Amino acid sequence: MPDINKPCIRRCSLNEEDICLGCFRTFDDMLRWNKASIEEKQEMLNLAEKRKTEHAKKLASFKK
């Protein structure tokens with residue numbers, strides 16, 4: 001079974017909650033990535049996508 005590639009886009013910048021504003025993984029996710037199972041990685045990606053969506057909503061509300 002193929003592995004899941006890191007979602008890192010090399011735009012690392014942690015916010016006050018230690019969430020990367022490039023890939024939206026937590027700092028803990030980044031540290032655990034290489035040893036995580038495929039299922040764990042997929043869950044990290046799912047949560048990162050939710051964080052990214054929430055971040056976009058916040059930005060949109062500030063622009064109004």
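Please read these numbers as outputs of a predicted model, since none were measured by experiment.
Interatomic distance, Met30 CE to Arg25 CZ, rounded to the nearest 0.5 Å: 5.5 Å. Rounding to the nearest 0.5 angstrom, the gap separating the CG atom in Leu45 from the CD1 atom in Ile38 is 11.5 Å.
For the ring-ring contact (aromatic ring centres under 6.0 Å, His included) condition, the pairs that include at least one residue of residues 16-58, sequence neighbours left out, are Phe24-His55. Within the structure, the ring-ring contact (aromatic ring centres under 6.0 Å, His included) test picks out no pair touching residues 2-22 (sequence neighbours left out).
One finds no salt bridge joining Arg51 and Glu54 here, because no Lys/Arg side-chain nitrogen approaches an Asp/Glu carboxylate oxygen to under 4.0 Å.
Pairing each heavy atom of Glu40 with each of Lys35, the nearest pair is OE1-O, 4.5 Å. Taking all atoms of both residues into account, the shortest heavy-atom contact from Pro7 to Cys23 is O-CB, 3.7 Å.
Residues satisfying the side-chain hydrogen bond (donor to acceptor under 3.5 Å, both in side chains) test with Lys52, not counting sequence neighbours, are none. Applying the side-chain hydrogen bond (donor to acceptor under 3.5 Å, both in side chains) criterion to Asn46, with sequence neighbours excluded, gives Gln42.
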Name the atoms and distances for all side-chain donor-acceptor pairs under 3.5 Å in residues 10-20, with sequence neighbours left out.
unit_1, atom_1, unit_2, atom_2, d
Asn15, OD1, Glu17, N, 2.8
Asn15, OD1, Asp18, N, 3.2
Asn15, OD1, Ile19, N, 3.1

Check against side chain to side chain contact (heavy atoms under 4.5 Å, CB included), Lys6 and Asn34: CA-CA 9 Å; Lys6 283 185 202 177; Asn34 288 331; 3.7 Å; yes

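With a 4.5 Å cut-off between side-chain heavy atoms of Ile, Leu, Val, Met, Phe, Trp and Tyr, the cluster of Ile9 takes in none.
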